[in-house]
Amino acid sequence: MAKVRVTFSDGKVKEYPKGVALADVVRDAGAPEALVAKVDGELRDLSTKLDRDAQVDSVTFEQPEGRQVYWHSSAHLLAQAVKELFPEAKLAIGPPIDDGFYYDIDIGRPFAPEDLEHIEARMRELSKRDEPIERVEIPRDEAIRKYTEAGEKYKLELLQEIPDARVSFYRQDGFLDMCRGPHVPRTGLIKAVKLLSTSGAYWRGDEHREMLSRIYGISFPRQEQLDAYLHQLEEAKRRDHRRIGRELRLFAFADELGQGLPLWLPRGAVVRRILEDYIVDVESKRGYHHVYAPDLASVQLYKISGHWDYFRENMYPPMKVDNEELVLKPMNCPHHIMIYKHEQHSYRDLPVRIAELGRMYRYEKSGTLTGLHRVRSMTLNDAHIFCRPDQVKQEFAAVIELMREVYRDFAIVDYRTELSLHDPKDRQYYHQDEELWMTAEGLLHQVLDELKLPYTPVVGGANFYGPKVDVQVRTAGGKEETLSTVQLDFLLPRRFELEYIGEDGKAHRPVMIHRAILSTMERMMAFLIEHYAGDFPVWLAPEQVRLLPIADRHLEYAQEVRDRLAGHGRRVELDTSNERIGYKIRHPQLEHVPYMLVVGDKEASSGQVAVRSRSSGDLGPMPVEAFIERIAQEVTTRR
RNA sequence: GCCGGCGUAGCUCAGUGGUAGAGCAGCGCACUCGUAAUGCGCAGGUCAUCGGUUCGAGUCCGAUCGCCGGCUCCA
């Protein structure tokens with residue numbers, strides 16, 4: 001009998017009869033938990049028969065690839081449940097996502113919350129039936145006939161684009177779904193399921209096409225894992241900057257004021273001013289020059305820059321005054337370009353780094369606005385570097401270094417870097433000079449590689465004027481968004497005919513780097529609130545110290561201490577209420593004030609304060625001077 | 001902008017067609033207290049807005065506005 005040689009990931013080699021099922025191989029290898037297996041690096045169903053020598057690795061739920069397969073199979077189970085409950089439903093697509101899975105379905109009406117419960121219950125039943133999930137290959141024309149008869153128009157559309165003569169399907173019980181696979185071997189493996197939400201989703205992501213109903217769900221092999229996941233979701237909600245922002249009185253919105261237009265309340269404004277002072281200071285040390293530009297500009301400026309052609313749908317419409325047409329500025333770059341152009345530059349002057357905490361107004365679709373993450377009025381920590389072509393790499397590297405310094409100060413470690421490139425197939429969103437794109441994108445690839453910065457390329461993510469490097473962070477809601485961005489631009493210098501005088505006495509064209517490190521003040525604030533879960537470190541805390549006198553007779557001493565701390569620049573408040581100390585502590589504790597100072601008879605007579613920390617509780621008494629020193633130390637080290 | 005859900009006191013939420021409620025916060029009074037809620041009292045509402053059905057609407061219907069979750073888009 002013919003044999004096949006299997007090499008396992010630990011290097012062991014074993015022989016099996018030719019045609020052995022992968023399920024038997026992985027079981028033999030001591031991996032009964034395997035959901036699928038990799039054969040020479042490619043994911044395969046466990047039912048696959050092995051007919052050649054190969055490297056075989058078992059894949060379980062613990063591995064990201066295993067999860068994806070598991071959730072993909074869960075999406076099929078969801079579809080099966082929906083089809084049983086709503087036979088007229090038309091299925092679209094049902095992929096796994098980072099956290100779970102979804103399926104886009106058309107049942108001619110939206111799903112109601114009760115529908116979800118019924119579907120979820122049906123999924124549990126289907127899991128209990130524990131049917132095998134089998135791969136079947138069907139000739140293409142037969143598949144087309146099946147789907148035409150069934151009226152599955154979305155599947156049919158997908159099928160039209162598959163060139164192969166045979167198309168793979170997966171069958172569980174009577175349910176059949178076109179799918180590339182692979183899948184877990186049995187429905188019974190999908191044990192703990194929760195359908196989380198429904199929403200509308202455009203067919204193929206195109207807002208001009210049908211609106212389908214999407215059901216999101218999550219699943220795990222064990223109930224405890226699902227419970228833990230749901231608990232974690234609840235915990236994340238507690239970090240939500242909208243909730244903490246309201247509770248800590250940092251910012252607010254008012255219906256009367258308009259959508260997406262945040263108000264910075266006094267305590268939030270304190271944090272913002274610290275951030276602004278901080279970044280201006282850091283940038284100044286690195287050769288940036290800070291400027292101010294008006295919020296309004298002639299539409300003419302944006303016609304030259306190209307924003308009018310490529311960015312108009314995000315701009316507020318122009319207002320006519322006298323013989324001018326003015327718009328609210330949606331970006332700062334043209335203004336900084338005007339500043340660059342205001343004087344002549346020698347090659348010796350470059351790079352010129354023009355920075356601004358630039359307030360911008362963008363018309364964002366109403367449905368996209370969320371808290372401070374996405375607003376219509378925002379202030380960007382913006383800068384534009386005008387440099388010679390031979391300086392691009394070093395300037396780019398300097399920006400990345402600056403970013404790393406800033407991230408250290410805020411203890412930001414959890415982020416991902418993307419290289420956003422233009423999509424040659426989608427020309428209308430990008431400037432038309434393909435050669436410029438090649439130059440700019442090639443340069444960015446090179447710079448990132450030299451900096452050893454790992455990144456994910458994103459085709460179609462570029463701005464109209466050039467490619468960019470985006471730093472992605474996660475919100476409490478689990479969504480990714482851009483914090484820092486560095487963009488390379490050969491286009492605007494050309495459109496504005498920017499020049500510098502070279503060594504040869506002739507005019508040359510500079511290159512622009514657009515960059516934002518702290519993002520917008522709004523988004524940074526949202527990020528920091530969630531990052532710290534409201535526990536701002538002392539240097540950022542809107543209120544650093546709350547003074548808590550034990551009784552009325554200690555008010556005078558408390559005031560004295562308050563004044564001394566304020567004299568050292570501390571942000572300090574005094575609780576003058578007639579309450580007992582436990583109650584007085586509760587409030588600053590809930591408001592995330594880092595230090596509480598309790599003063600009573602003992603402290604007043606000895607010139608001390610009893611220090612309580614928000615995080616570690618009672619620290620005992622110490623001289624006022626010692627506390628002042630301690631907190632000053634924390635502020636300078638930004639702890 | 002599109003799909004769905006939601007909108008009752010500053011906040012969290014009860015209230016299934018028949019006289020608008022609770023807790024916390026706020027204000028007043030008393031207690032002067034040692035590390036996360038002292039007690040008593042008082043106030044607080046065009047039930048998002050507008051229209052409709054009904055003898056009667058917080059409750060049912062419609063529109064508008066806003067918020068939330070997605071889609072699309074993006075700092």
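Just so it is clear: chains get the letters A, B, ... in the order the sequence lines come, proteins before strands, and each one is counted from 1. Computed from a prediction, not measured in an experiment: that's the story for all the values here.
Comparing the C1' positions of B:rG56 and B:rC68 gives an interatomic distance of 34 Å, to the nearest angstrom. For the P atoms, the distance linking B:rG45 with B:rG5 amounts to 31 Å, nearest Å. Between B:rG41 and B:rG34, the distance separating the two C1' atoms is 28 Å to the nearest Å. Spacing between B:rG17 and B:rU53 at atom C1', rounded to whole Å, works out to 12 Å. Taking the P atoms as reference points, B:rC55 lies 37 Å from B:rC13, given to the whole Å. Nucleotides B:rG15 and B:rG23, compared at atom C1', are 15 Å apart to the nearest Å. The separation of B:rA37 from B:rC42, taken at their P atoms, amounts to 26 Å, rounded to a whole angstrom. Remark: the separation of the C1' atoms in B:rG28 and B:rU19 is 29 Å, to the nearest Å.
The phosphate of B:rC11 (OP1 or OP2) has no side-chain N or O of A:R243 nearer than 4.0 angstrom. At the phosphate of B:rA75, OP1 or OP2 sits under 4.0 Å from a side-chain N or O atom of A:K468.
Among the atoms of the strands shown, base atoms are found under 4.0 Å from some heavy atom of A:K602. In this structure, A:N332 reaches neither bases nor backbone, as no heavy-atom distance under 4.0 Å exists between it and the strands shown. Base contact: A:G600 has a heavy atom under 4.0 Å from a base atom. A:R553 comes within contact range of the sugar-phosphate backbone alone, with a heavy-atom separation under 4.0 Å but no base atom that close. If you check every strand for non-hydrogen atoms under 4.0 Å, A:A112 touches nothing. When heavy atoms are screened at a 4.0 angstrom cut-off, A:E364 is found touching base atoms of the nucleic acid.
Here B:rG18 sits opposite B:rC55 as a Watson-Crick or G-U wobble pair (both hydrogen-bonding atom distances under 3.5 Å). Pair assignment for B:rC11: B:rG23, on the basis of Watson-Crick or G-U wobble contacts that are both within less than 3.5 Å. With a 3.5 Å ceiling on both atom-pair distances, B:rU72 lacks any Watson-Crick or G-U wobble partner. For B:rG66, the paired base is B:rC6 (Watson-Crick or G-U wobble, both distances below 3.5 Å). Across all strands shown, B:rG28 forms a Watson-Crick or G-U wobble pair, both distances under 3.5 Å, with B:rC40. Base-pair partner of B:rG45: not found among the strands shown (Watson-Crick or G-U wobble, both distances under 3.5 Å).
A:H422 and A:Y429 have their aromatic ring centers separated by at least 6.0 angstrom. In this structure, A:Y310 has its ring center at least 6.0 angstrom away from the ring center of A:Y302. Checked against a 6.0 Å centroid threshold, the rings of A:H336 and A:H514 do not count as neighbours. Ring centers of A:F251 and A:H241: under 6.0 Å apart, within the cut-off. Ring centroids of A:F311 and A:Y465 are separated by 6.0 Å or more, keeping the two rings apart. Taking the six-membered ring for Trp and the full ring otherwise, A:Y316 and A:Y361 have centroids separated by 6.0 Å or more. Remark: aromatic rings of A:Y216 and A:F101 are distant, center separation not under 6.0 Å.
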Please tabulate, one pair per line, each protein N/O and nucleotide N/O from nucleotides 23-31 of chain B that are separated by under 3.5 Å, including the distance.
{"unit_1": "B:rA25", "atom_1": "OP1", "unit_2": "A:Y583", "atom_2": "OH", "d": "3.0"}

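With hydrogens and angles left out, the side-chain atoms of A:E634 and A:Y595 include a donor and acceptor closer than 3.5 Å. In this model, a donor atom of one side chain and an acceptor atom of the other lie less than 3.5 Å apart for A:Y154 and A:D106. Between the side chains of A:E283 and A:H290, at least one donor N or O sits under 3.5 Å from an acceptor N or O. Side-chain contact, A:Q472 with A:T482: a donor N or O sits under 3.5 Å from an acceptor N or O. Donor-acceptor pairing under 3.5 Å is lacking for the side chains of A:Y557 and A:S605.
Here the C1' atom of nucleotide B:rC33 and the NE2 atom of A:H554 are 10 Å apart, to the nearest Å. To the nearest angstrom, C1' of B:rU35 lies 9 Å from CD of A:Q589. Atoms CG (A:D470) and P (B:rA75) sit 7 Å apart, rounded to a whole Å. Atom CG of A:D618 and atom C1' of B:rU35 are 6 Å apart (whole Å). Following rounding to the nearest Å, A:R376 (CZ) and B:rC73 (C1') show an atom-to-atom distance of 13 Å. Computed from coordinates, the A:Y429 OH to B:rU72 P distance equals 12 Å when rounded to whole Å. We find that CG of A:D115 is positioned 11 Å from P of B:rG5, with the value rounded to whole Å. Straight-line distance from the CD1 atom of A:I581 to the P atom of B:rC33: 12 Å, rounded to whole Å.
For B:rA75, its base never sits under 3.5 Å from the side chain of A:S519 at any donor and acceptor pair. Remark: the A:E603 side chain and the B:rG34 base include a donor-acceptor N/O pair separated by less than 3.5 Å.
When each of B:rA75, B:rG1, B:rU12 is scored by its nearest atom to the side-chain atoms of A:R246, the top-ranked nucleotide is B:rU12.
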Q.
I'd like to compare against my own output: the B/S/- annotation of nucleotides 65-71 of chain B with a strict under-4.0 Å heavy-atom distance to protein.
A. -SSSBBB
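Nearer the 5' end of RNA chain B, as judged by each residue's closest nucleotide, is the contact made by A:L590, out of A:L590 and A:A462. RNA chain B is contacted by both A:L380 and A:R204; A:R204 maps to the nucleotide lying nearer its 5′ end (nearest heavy atom per residue).
Between A:R374 and A:E481 there is no salt bridge, since no side-chain nitrogen of the basic residue lies less than 4.0 Å from a carboxylate oxygen of the acidic one.
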